[in-house]
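Because the structure is predicted, anything quoted here is derived from the model rather than measured.
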Amino acid sequence: MFGKKSSSGAQARIDSLIGAGTSVEGKIRFSGGLRIDGEVRGSVEAVAGVSSSTLVLSDQARVEGAVTVAHLVLNGTIAGPVCVTDTLEMQPKARIIGDVSYASIEMHQGAVIEGRLVHVAPGVVEPIGESDN
């Protein structure tokens with residue numbers, strides 16, 4: 001609890017960057033590490049089977065669409081369903097407007113989720129949202 005955090009397979013290196021002031025529309029698929037400082041309108045997902053994929057959203061970042069990834073470090077806003085197959089870290093300015101499925105979660109004071117939280121076994125992809133009726 002008070003010891004040094006282990007990375008538990010999280011990608012430490014950032015391979016791709018969507019910079020501040022950049023707006024992207026459409027589906028983004030990636031492997032490795034992706035950092036978003038800008039805005040994405042569309043889904044963001046890690047390539048299937050890549051358990052070390054990491055998505056980092058800065059405090060200026062905004063994603064409007066579904067997010068599916070192994071590790072998510074969030075300090076910006078996601079408007080859409082989120083599926084994290086391993087670890088979700090929500091920093092103080094983080095905001096999710098949508099349902100969240102996760103294996104492990106860490107929320108800092110100030111982080112907000114407006115939606116359902118569904119715990120799943122590590123490595124299981126169980127998207128939630130529009131199909132649940």
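For the pair L72/L57, a side-chain contact is recorded, criterion being any heavy-atom separation below 4.5 Å from C-beta on. When side chains are defined from C-beta on, E89 counts as touching H108, because their heavy atoms get closer than 4.5 Å. Using a 4.5 Å heavy-atom cutoff, the side chains of E106 and T87 are not in contact. You'll find the side chain of V24 stays beyond 4.5 Å of the side chain of I36, heavy atoms only. Contact annotation: the side chain of I105 approaches that of I113 to within less than 4.5 Å [non-hydrogen atoms, C-beta and beyond].
Among the candidates V56, V44, T54, the single residue satisfying the side chain to side chain contact (heavy atoms under 4.5 Å, CB included) test with L34 is V44.
Contact record, T85 with A103: O-CB, 3.5 Å, taken as the closest heavy-atom pair. Summarising the geometry of A20 relative to D37, their closest heavy-atom pair is N-CB, 3.5 Å, with the distance given to 0.1 Å.
A distance of 10.5 Å separates OG of S101 from NE2 of H119, quoted to the nearest 0.5 Å. Between the CG atom in D59 and the NZ atom in K93 there is a gap of 4.5 Å [rounded to 0.5 Å]. Summarising the geometry, atom CD belonging to E64 is positioned 5.0 Å from atom CZ belonging to R41; distances are rounded to the nearest 0.5 Å. To the nearest 0.5 Å, the span separating CD on E39 from CD on Q60 amounts to 12.5 Å. The structure places CZ of R35 at 16.0 Å from CZ of R13, a figure rounded to the nearest 0.5 Å. Here D99 contributes atom CG and C83 contributes atom SG; the two are 11.5 Å apart, rounded to the nearest 0.5 Å.
Between the side chain of N75 and the main chain of S58, no donor-acceptor pair closer than 3.5 Å is present. For the pair H71 (side chain) and L88 (backbone), a donor-acceptor distance under 3.5 Å is absent.
When hydrophobic clusters are built by joining Ile, Leu, Val, Met, Phe, Trp and Tyr residues whose side-chain heavy atoms come closer than 4.5 Å, directly or via intermediates, V63 is not grouped with I97. A single hydrophobic cluster is not seen to contain both I78 and V112; linkage of ILVMFWY side chains at heavy-atom distances under 4.5 Å, directly or through other members, places them apart.
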